[in-house]
2 protein chains.
Amino acid sequence: MPVPATDLITAFRARGMKITPQRQLLCSLIEEAHDHPTVETLHLRAMQKMPTISLKTVYTTLTELAEFGLIRLVPLGTGSLRVDPDPTPHAHLVCRDCGSIIDQPLEPNLAPAPAQAEDLGFIVEERDVIYRGRCAACAKKSAAQISEEGDVGGHA
Amino acid sequence: MPVPATDLITAFRARGMKITPQRQLLCSLIEEAHDHPTVETLHLRAMQKMPTISLKTVYTTLTELAEFGLIRLVPLGTGSLRVDPDPTPHAHLVCRDCGSIIDQPLEPNLAPAPAQAEDLGFIVEERDVIYRGRCAACAKKSAAQISEEGDVGGHA
DNA sequence: TAGTAGTTAACAACTCTTGTAGTTTACAGT
DNA sequence: ACTGTAAACTACAAGAGTTGTTAACTACTA
């Protein structure tokens, strides 16, 4: 359940921040981003509509929205931050090979914070649950490759 | 429960790989590394004993041990990989401010993979559970700072 | 409509990680 | 022990991702 673009815009207005065309564009792109794009990818999409928009502006805007708690900027270990328009708790399946990401509901018996955290005085603000492995397509591809290697000259 | 340094060495030998002084040194440093150091930090420690050891060697050795499944190289979103000598499943508390990391036991009845993963054909190989927030020391510090800001001239 | 504070674009710098090339070295076989 | 060789090492450089700086620009207020 991503936050609608209008609500993202409203968040800037509510904080006395300016509603620039760049922010409007990015907010609508974020609403439509159901594929956890990298920041760079979102920048490329933005440039289709506004060729002069800078990568720095994209980073800045995303960071602001993440601080407002309206999106999530998730470090999934793929080398770059992923933009997640859904700020509500959920897990991620991350493919090692192609980097694709699939949302998953959180295990209901996973506590919002570990029992010992409070004792330690640690204040939990956020939770990431990441399952790494191979998506169906990449698992298939890598299985095919292995059988090909074992089968010397099989396709010659 | 970190893997003993002797077992790490044995793993190299078992694969017909050479037992170099660099690998011996790194294996013993890893065994003692209970603080989830960055690769860079481990490199600095290694240089205390062997000043010419290169960062590249450290990366290479750690990557190998991680592929053997004897350590974990965990991307915790702190900007750099963390070395975890314990390859068994556990969660991590990560402090946003100082980057310190505390191990936590995983809920024992937590499924190793989400229910939908199998249906999707996604093969889960690894799981990261990360709780982000502030450690006791940093929470205290930031609380002190806020009260100071609200209390203008309080210490002048 | 003009002033101004907040934003932006352009550019550079920085951090973390990986690639390349040539030298060195651990180990197997004599 | 000695030597040959494949593996591993160091040094260097490059690549990717992210952040800092600064001058120009512009959305909003009065």
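Only this structure's heavy atoms are used, side chains among them; waters, hydrogens and symmetry mates stay out. Letters go in sequence order (proteins before strands), and every chain restarts at 1.
- Cluster annotation: Ile53(B) is connected to Val83(B) through the hydrophobic network of ILVMFWY side chains, with a link wherever side-chain heavy atoms come within less than 4.5 Å.
- Rounded to whole Å, the distance from NZ on Lys56(B) to C1' on dA14(D) is 12 Å.
- The side chain of Thr20(B) lies closest to dC9(D), out of dA11(D), dT18(D), dC9(D).
- Looking at heavy-atom distances under 4.0 Å, Pro51(B) makes no contact with the nucleic acid at all.
- Under the 4.5 Å side-chain heavy-atom criterion for grouping Ile, Leu, Val, Met, Phe, Trp and Tyr, Val129(B) is not connected to Leu81(B) through any hydrophobic cluster.
- The side chain of Gln22(A) contributes no N or O atom lying less than 4.0 Å from OP1 or OP2 of dA27(D).
- Atom pair Arg23(A):CZ and dT26(D):P shows a separation of 15 Å (rounding to whole Å applied).
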Tell me which donor-acceptor pairs under 3.5 Å the side chains of residues 62-80 of chain A have, and how far apart each pair is, sequence neighbours excluded?
{"residue": "Thr63(A)", "atom": "OG1", "partner": "Tyr59(A)", "partner atom": "O", "Å": "2.7"}
{"residue": "Glu64(A)", "atom": "OE1", "partner": "Arg23(A)", "partner atom": "NH2", "Å": "3.4"}
{"residue": "Arg72(A)", "atom": "NH1", "partner": "Glu126(A)", "partner atom": "OE1", "Å": "3.2"}
{"residue": "Arg72(A)", "atom": "NH1", "partner": "Glu126(A)", "partner atom": "OE2", "Å": "2.2"}
{"residue": "Arg72(A)", "atom": "NH2", "partner": "Asp128(A)", "partner atom": "OD1", "Å": "2.1"}
{"residue": "Thr78(A)", "atom": "OG1", "partner": "Ser80(A)", "partner atom": "O", "Å": "3.3"}
{"residue": "Thr78(A)", "atom": "OG1", "partner": "Arg82(A)", "partner atom": "NE", "Å": "3.4"}

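- Distance from the side chain of Lys18(B) is smallest for dA8(D) among the nucleotides dG20(D), dA8(D), dT10(D).
- Judged purely by atom type and a 3.5 angstrom limit, Thr61(B) uses its side chain to pair as donor or acceptor with the backbone of Thr57(B).
- Atom CD1 in Ile19(B) sits roughly 10 Å away from atom P in dA8(D) (whole-Å rounding).
- Among the atoms of the strands shown, base atoms are found under 4.0 Å from some heavy atom of Ser54(B).
- Minimum atom distance to the side chain of Leu55(A) is reached by dT18(D), of the listed dT18(D), dA8(D), dT26(D).
- Side-chain N or O atoms of His43(A) include one that pairs as donor or acceptor with a backbone N or O of Leu55(A) at under 3.5 Å.
- Put simply, chain B comes within 4.0 Å of DNA chain C, heavy atom to any atom, from dC16(C) to dC27(C), going 5' to 3'.
- Rounded to an integer number of Å, the gap from Ile9(B) CD1 to dA8(D) P is 13 Å.
- Looking at every heavy atom in both residues, Arg127(A) comes nearest to Pro112(A) through NH1-CA, 3.4 Å.
- Nearest nucleotide to the Ser80(A) side chain, out of dA8(D), dT10(D), dG17(D): dG17(D).
- The distance from atom CD1 of Ile53(A) to atom P of dC25(D) is 17 Å, rounded to the nearest whole Å.
- Between the CE atom of Met50(B) and the C1' atom of dT10(D) there is a distance of 12 Å, rounded to whole Å.
- At distances below 3.5 Å, at least one donor-acceptor pair connects side-chain atoms of Arg15(A) with backbone N or O atoms of Ala11(A).
- Both Gly16(A) and Gly79(B) lie close to DNA chain C; mapped to their nearest nucleotides by heavy-atom distance, the more 5′-ward contact belongs to Gly16(A).
- When each of Glu40(A) and Thr61(B) is assigned the nucleotide of DNA chain D bearing its nearest heavy atom, the one mapping closer to the 5' terminus is Thr61(B).
- Atoms CZ (Arg15(B)) and P (dA8(D)) sit 12 Å apart, rounded to a whole Å.
- Arg82(A) places its CZ atom 13 Å from the C1' atom of dG17(D), with the value rounded to the nearest Å.
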